[in-house]
Q: 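Shown below is the structure under consideration.
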Amino acid sequence: MTDAAALPGQPRGGVLSGPATARAVNVLAPNASAMTLDGTNTWVVSEPDSESAVVIDPGPLDDGHLRAVVDAAEKAGKRVALTLLTHGHPDHAAGAARFAELTGTKVRALDPALRLGDEGLGAGDVVEVGGLELRVVPTPGHTADSLCFHLPADRAVLTGDTILGRGTTVVAHPDGRLGDYLDSLRRLRSLTVDDGVHTVLPGHGPVLEDAQGAVEFYLAHRAHRLAQVETAVEDGCRTPGEVVAHVYADVDRSLWPAAELSVRAQVEYLEEHGLI
């Protein structure tokens with residue numbers, strides 16, 4: 001979901017599908033919409049000299065897309081060895097079980113209901129396949145089960161829906177919580193400051209070349225929206241729908257139902273902190 005006029009993080013232009021870094025290739029799913037932007041980015045990640053690849057977010061249950069992901073790996077001389085999920089929303093995860101059938105891989109995720117195999121994912125885990133190293137970064141907020149994957153060799157982070165390549169994301173209340181989301185953004189900011197991450201490989205939209213700029217924009221945007229919601233409530237808006245109409249008047253109305261989820265999360269946050 002996008003509700004911002006600015007394009008933070010120096011988004012990379014050109015075709016979205018294809019190589020993004022030395023180790024990450026995107027296969028764009030054919031599910032473009034107002035919510036999914038150009039479609040879901042399915043990432044095939046591997047060491048350049050390895051025959052094994054990891055796929056992050058197979059995407060929707062679209063057999064053509066899932067086979068295209070397998071083909072992209074095979075054309076690069078790779079075999080898909082593992083599937084990872086950033087979170088359980090259908091545009092990222094609905095195709096995971098079918099993809100596991102096509103590739104014979106296990107599926108690892110934070111949510112046990114999404115896993116195929118015994119191993120899940122959690123804070124501090126490091127996924128190693130064919131010399132590739134991916135560090136698991138818990139980033140709840142968009143959803144309770146949201147994860148990012150730090151790819152240190154490329155100074156990159158795969159963010160799922162926590163940071164998008166264009167616009168801003170939804171805090172999907174009640175599963176998503178604003179306080180968690182703000183903490184997650186700060187955690188990502190520390191990756192840019194302490195670990196030298198400069199590239200965002202998002203779940204939707206173009207690659208971002210300025211990870212720190214993107215995170216700072218998101219934090220500033222959330223603070224601005226929170227202040228607007230607080231003012232709207234103080235001015236007499238009594239329902240989430242009324243707040244959306246007041247605060248998100250500049251946003252496409254087709255996105256208002258999603259905006260209402262974020263408003264509910266923001267009102268909950270303000271109430272928890274005694275601000276309204």
Side-chain angles (χ1 to χ4, degrees), residues 1-9 11 31-40 86-92 111 138-148 159-189 200 202-205 208 213-276:
M1 172 187 166
T2 178
D3 55 13
L7 293 174
N31 62 333
S33 71
M35 287 296 295
T36 61
L37 305 181
D38 309 274
T40 299
T86 62
H87 65 297
H89 279 169
D91 57 314
H92 294 258
D111 184 350
T139 50
H142 170 66
T143 60
D145 69 331
S146 287
L147 299 172
C148 292
T159 56
D161 282 357
T162 299
I163 293 180
L164 305 180
R166 186 169 65 249
T168 57
T169 197
V170 173
V171 179
H173 185 272
D175 185 42
R177 294 173 57 85
L178 181 58
D180 290 342
Y181 186 63
L182 294 174
D183 287 342
S184 293
L185 291 176
R186 296 182 189 108
R187 191 171 297 120
L188 291 176
R189 180 171 58 187
V200 173
H204 302 279
L208 301 179
V215 174
E216 296 291 359
F217 176 90
Y218 266 58
L219 285 166
H221 173 76
R222 279 292 156 209
H224 176 65
R225 281 299 193 206
L226 193 61
Q228 288 180 309
V229 170
E230 183 179 0
T231 298
V233 172
E234 290 173 348
D235 288 346
C237 293
R238 291 291 173 260
T239 67
E242 289 175 353
V243 174
V244 168
H246 184 76
V247 173
Y248 291 80
D250 59 330
V251 176
D252 186 328
R253 284 184 175 238
S254 68
L255 297 174
W256 279 17
E260 185 170 321
L261 297 179
S262 284
V263 164
R264 290 180 183 275
Q266 290 172 93
V267 169
E268 178 183 72
Y269 180 89
L270 291 167
E271 289 174 342
E272 288 174 348
H273 289 77
L275 298 173
I276 57 174

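Hydrogens, waters and symmetry mates play no part in the numbers below; they use all other heavy atoms, side chains included. Throughout, numbering of the chain's residues begins at 1 and tracks the sequence.
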Q: Do you know the tightest heavy-atom contact between Gly165 and Pro11?
A: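 Smallest interatomic distance, heavy atoms only, reads O-CB, 4.0 Å.
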
Q: For Pro8 versus Ala214, what's the shortest heavy-atom pair and its separation?
A: CB-CA, 4.3 Å

Q: Any heavy-atom pair between the side chains of Tyr248 and Arg225 that's under 4.5 Å?
A: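 Yes; the side chains approach each other to less than 4.5 Å.
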
Q: Taking the side chain as every heavy atom from C-beta outward, state whether Thr231 and Gln228 have any atom pair closer than 4.5 Å.
A: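 Thr231 does not reach Gln228 side chain to side chain.
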
Q: Cut-off 3.5 Å, side chains only: do His246 and Asp235 have a donor facing an acceptor?
A: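 On atom types as modelled, these side chains do not qualify, holding no pair under 3.5 Å.
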
Q: Which atoms form the tightest heavy-atom contact between Asp252 and Ser254, and what is the distance?
A: OD1-N, 2.9 Å

Q: When His204 is tested against each of Asn31, Asp38, Asp161, Thr159 for side-chain hydrogen bond (donor to acceptor under 3.5 Å, both in side chains), which residue passes?
A: Asp161

Q: Does the Trp256 side chain pair with the main chain of Val251, one donor and one acceptor, at a distance under 3.5 Å?
A: yes

Q: Could you state the interatomic distance from OH (Tyr218) to OG1 (Thr162), rounded to the nearest 0.5 Å?
A: 9.0 Å

Q: Give me the atom names and distance for the closest heavy-atom approach of Ala265 to Val171.
A: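 Nearest heavy atoms, Ala265 then Val171: CB-CG1, 3.6 Å.
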
Q: With a 4.0 Å cut-off on N to O distance, would you call Arg264 and Glu268 a salt bridge?
A: no

Q: Which atom pair, heavy atoms only, marks the closest approach of Pro240 to Glu260?
A: CB-CG, 3.6 Å

Q: Would you say the side-chain atoms of Asp175 pair up with the backbone N or O of Thr143, donor to acceptor, closer than 3.5 Å?
A: no

Q: Can you find a heavy atom in the side chain of Tyr181 that is under 4.5 Å from one in the side chain of Thr169?
A: yes

Q: Nearest 0.5 Å, what's the CG-OG1 distance between Asp183 and Thr139?
A: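 Separation between the atoms: 11.5 Å.
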
Q: Could you check whether the rings of His142 and His87 sit parallel, tilted or perpendicular, using 30° and 60° as the cut-offs?
A: perpendicular

Q: Taking Val233's backbone N and O only, do any of them form a donor-acceptor pair with Arg238's side chain (distance below 3.5 Å, no angle check)?
A: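 Judged by distance alone, yes, a pair lies under 3.5 Å.
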
Q: Considering only heavy atoms from C-beta outward, does the side chain of Val229 approach that of Val267 to under 4.5 Å?
A: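 Yes, at least one pair of side-chain atoms sits under 4.5 Å.
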
Q: How far does OG of Ser262 sit from CG of Leu226, to the nearest 0.5 angstrom?
A: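 The OG atom of Ser262 sits 11.0 Å away from the CG atom of Leu226.
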
Q: Output the distance between atom CD (Glu234) and atom CD1 (Ile276), rounded to the nearest 0.5 Å.
A: 8.5 Å

Q: Hey, are the side chains of His89 and Ser146 touching, using non-hydrogen atoms and a 4.5 Å cut-off?
A: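 When only atoms from C-beta onward are counted, Ser146 and His89 do not touch, as no gap falls below 4.5 Å.
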
Q: If we only count heavy atoms from C-beta on, is the Arg222 to Gln266 side-chain gap below 4.5 Å?
A: yes

Q: Does Met35 reach the side chain of Leu255, with side-chain heavy atoms less than 4.5 Å apart?
A: yes

Q: Let me see the working for Ile163 and Leu208 under side-chain contact (heavy atoms from CB on, under 4.5 Å), right down to the final yes or no.
A: CA-CA 10 Å; Ile163 293 180; Leu208 301 179; 4.1 Å; yes

Q: Could you tell me the separation between the CG atom of Leu188 and the CZ atom of Arg186, rounded to the nearest 0.5 Å?
A: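 So the gap between those two atoms works out to 12.0 Å.
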
Q: Please give me the minimum heavy-atom distance between Pro140 and Ser184, naming the atom from each residue.
A: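 Heavy atoms only, the tightest pair is O-OG, 2.6 Å.
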
